[in-house]
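To find a chain, count down the sequence lines: A is the first, B the second, and so on, and within it residues start at 1. Computed over heavy atoms, backbone and side chain alike; hydrogens, waters and symmetry mates excluded.
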There are 2 protein chains.
Amino acid sequence: MTTIKDVAEKAGVSVATVSRVINNEKYVNEDLRRYVLKIVNDMGYQPDGIARGLRTKSTNVISLVIPDINNPFYPEVARGVQSVADEYEYVVILCNTDRVVQREQKFVNILNQQRVEGIIINPSGSTRREMNILARLNIPVVLISSQNILPNFDIVMVDNIQGVGLAIDHFYELGHRRIGLVGGSREVSSGEQRYQGYIQSIARHGIPVEEELITEGKFDHNGGYECMKRLLKLKNRPTAVFAANDIMAIGAVSAIYETGLKIPDDISIIGFDDIAYSRMMYPKLTTVSQPKFEMGAIATQMLFERVTGQEIPNPRRKILDHSLVIRDTTQRI
Amino acid sequence: MTTIKDVAEKAGVSVATVSRVINNEKYVNEDLRRYVLKIVNDMGYQPDGIARGLRTKSTNVISLVIPDINNPFYPEVARGVQSVADEYEYVVILCNTDRVVQREQKFVNILNQQRVEGIIINPSGSTRREMNILARLNIPVVLISSQNILPNFDIVMVDNIQGVGLAIDHFYELGHRRIGLVGGSREVSSGEQRYQGYIQSIARHGIPVEEELITEGKFDHNGGYECMKRLLKLKNRPTAVFAANDIMAIGAVSAIYETGLKIPDDISIIGFDDIAYSRMMYPKLTTVSQPKFEMGAIATQMLFERVTGQEIPNPRRKILDHSLVIRDTTQRI
DNA sequence: CTGTTAGCGCGTTCAG
DNA sequence: CTGAACGCGCTAACAG
């Protein structure tokens, strides 16, 4: 690796001058600048980001920590993150925890050591202990799609309770009264919130909440499949089902098809997220849409406002718009 | 941030001793070690990865550069990469180029400056120029699912030509003779190879190659959709279609459904990759399966063999097994 | 406008 | 077994 010193020697100037040239500082003679630049190019010199980082206390890297890279929701968020990170000339380290909290903590530790300048995270769990670990880091943290137990972090999310409300309202208007829940793990905040949204909406319509209609599983395809299986075994099975996310909804669809039932003729179904696949599948999935790319982009924007040292005293909470996208998996009873 | 010096002062020892303790070196008194360790924990000291990196010339980070994070194929590969990176206590910087070559080059430059220790890449393009840029880096590079123009890099891939052969053979055995191609961009090597596989297999069965049955589009849902649209407009449309990857196949399915045709009754279809959706959708997609997770894991393993300085003289080429997974989108004519 | 000097935080000699 | 001194490659003062 050629260093700044090599360049300086070859150019017959001091390292300081080379440093000034490559950092585009003023106060360097135009001719000299051009000359040095030429040498830099000739030698293929690229400044060592590590050494520079040690000096400037900046690494130009942030990180995105997510629970499930196989759920297309997160890649879409990641694209949003990258798009604004690009503007700032930052790279992003993507960490996928596969929902194991222990891995998440290990990542956070390593990231801290690597001196990333900020973290955007959708926690794999939401206990106070985990939040404390994040709080102890001395770098900005933005939470995505997650309720904060400690009021320390900026948050970007949609209103899950209202979102689920839209879904249940739609079922109600279509005449459904026996509505099941294919719920996600209530140990993560979106799981809990969507559960609450279900309960509240059902109650609001004066429908009795029935335990047997409520299931809970992992936030993935198999989780949805298993939950739906249970619902289908009921003597009096639901005519409509809300699933806590699209992947679970797709799992539920698989379960329903397996028993020979038709969608939406026999059972209506609504998901949450509006991943790309929802409009690629047949029948196309009715779902509560949340702005994934924007969520990543806005979170990153908020992160950089802190990374760049702007003093923003209070944690901010940004609620993004959601909407019900009615497609082909819902039908009047 | 507390530094090694702070710890040393508090413990009343030299920084060298603290360094030895945290790096688990021998030759330090057991009692002293325990004492220092306690101080380290009390103060919550974490060594600065940047400073350490400057000294040791190692950053403990590698990178994975992919063209399309929205194609579930790549997240699966990424999981494989992460799984072995974890073992080595490395983190991985994920760069998504959205298939723009220019972005890829920018990433590679930044990564080089950040002194990542190795790169796993599925190039967004495959020109000699791009390969040269990679070759000039002085770090190990492993190519995934990509032919190498320059014989400089380790490669992990499946035999695309044989893979497509499996698909065409299956069509042939089912009685199909009019077989269309929903092809991916031939500017990337997997696109070109799968095209060649199609041509060769068709010819091998003594079927005349017809230009009108061959289309080419972007390697995504819309690409497949557009290609299929063109095929459907033909006076004499194909009875079977091979798509260059599953996402394109799903796009083709959308196009077919839009015209009211049935799958597989009216048209049979086979994809490539075997992404998770392929078995979640209805009808379930027949496809050529390649081992995604393993591909990432093996590539990373090969990368680390070079990162850790083992002298492996010749570039290696690892061909992984593929197989045809027959599901519900193919049928006897 | 340019060069000299001094660290950033750490790991590594080399003495002791 | 332990400590003092040096330097990794770079940028930030401070002189000139």
Practice problem: Please name the pair of heavy atoms, one in B:Met43 and one in B:Thr2, separated by the smallest distance, quoted to 0.1 Å. | Solution: O-CG2, 4.0 Å

Side-chain ion pair, [X] and [Y], N-O less than 4.0 Å:
X        : Y       : result
A:Lys106 : B:Glu89 : yes
A:Lys38  : A:Asp42 : yes
B:Arg103 : A:Asp86 : yes

Between [atom2] on [N] and [atom1] on [X], what's the gap in Å once rounded to a whole number?
X       : N      : atom1 : atom2 : value
A:Lys57 : D:dA12 : NZ    : P     : 12 Å
B:Ile50 : D:dT11 : CD1   : P     : 14 Å
A:Tyr45 : D:dG9  : OH    : C1'   : 7 Å
B:Met1  : C:dC10 : CE    : C1'   : 15 Å
B:Asn60 : C:dG11 : CG    : P     : 12 Å
B:Asn24 : C:dG11 : CG    : P     : 12 Å
A:Arg20 : D:dA12 : CZ    : C1'   : 9 Å
A:Asp6  : D:dC10 : CG    : P     : 9 Å

Quiz prompt | Mutual orientation of the aromatic rings belonging to A:Phe304 and A:Tyr88 [parallel < 30°, tilted 30-60°, perpendicular > 60°] | solution = parallel

Practice problem: For B:Ala16 and for B:Leu54, locate the closest nucleotide of DNA chain C by heavy-atom distance; then report the residue assigned to the nucleotide nearer the 5' terminus. | Solution: B:Leu54

Quiz item: B:Glu30 near the nucleic acid: base, sugar-phosphate alone, or nothing, with a heavy-atom cut-off under 4.0 Å?
Solution: nothing

Quiz item: How is B:Leu32 classified with respect to the nucleic acid when contacts are heavy atoms under 4.0 Å: base, sugar-phosphate, or nothing?
Solution: sugar-phosphate

Quiz item: Is there a donor on the side chain of A:Arg55 or the base of C:dG7 sitting less than 3.5 Å from an acceptor on the other?
Solution: yes

When you measure from the side chain of [X], which nucleotide among [options] comes out closest?
X       : options               : result
B:Thr17 : D:dG3, D:dT11, C:dG3  : D:dG3
B:Arg52 : D:dG9, C:dC10, D:dT11 : C:dC10
A:Pro47 : C:dC1, D:dC10, D:dT2  : D:dC10
B:Tyr27 : D:dT2, D:dT11, C:dG9  : D:dT2
B:Ala51 : C:dG11, C:dG9, C:dG3  : C:dG9

Quiz item: Below 4.0 angstrom from OP1 or OP2 of C:dT4, is there any side-chain N or O of A:Ser14?
Solution: no

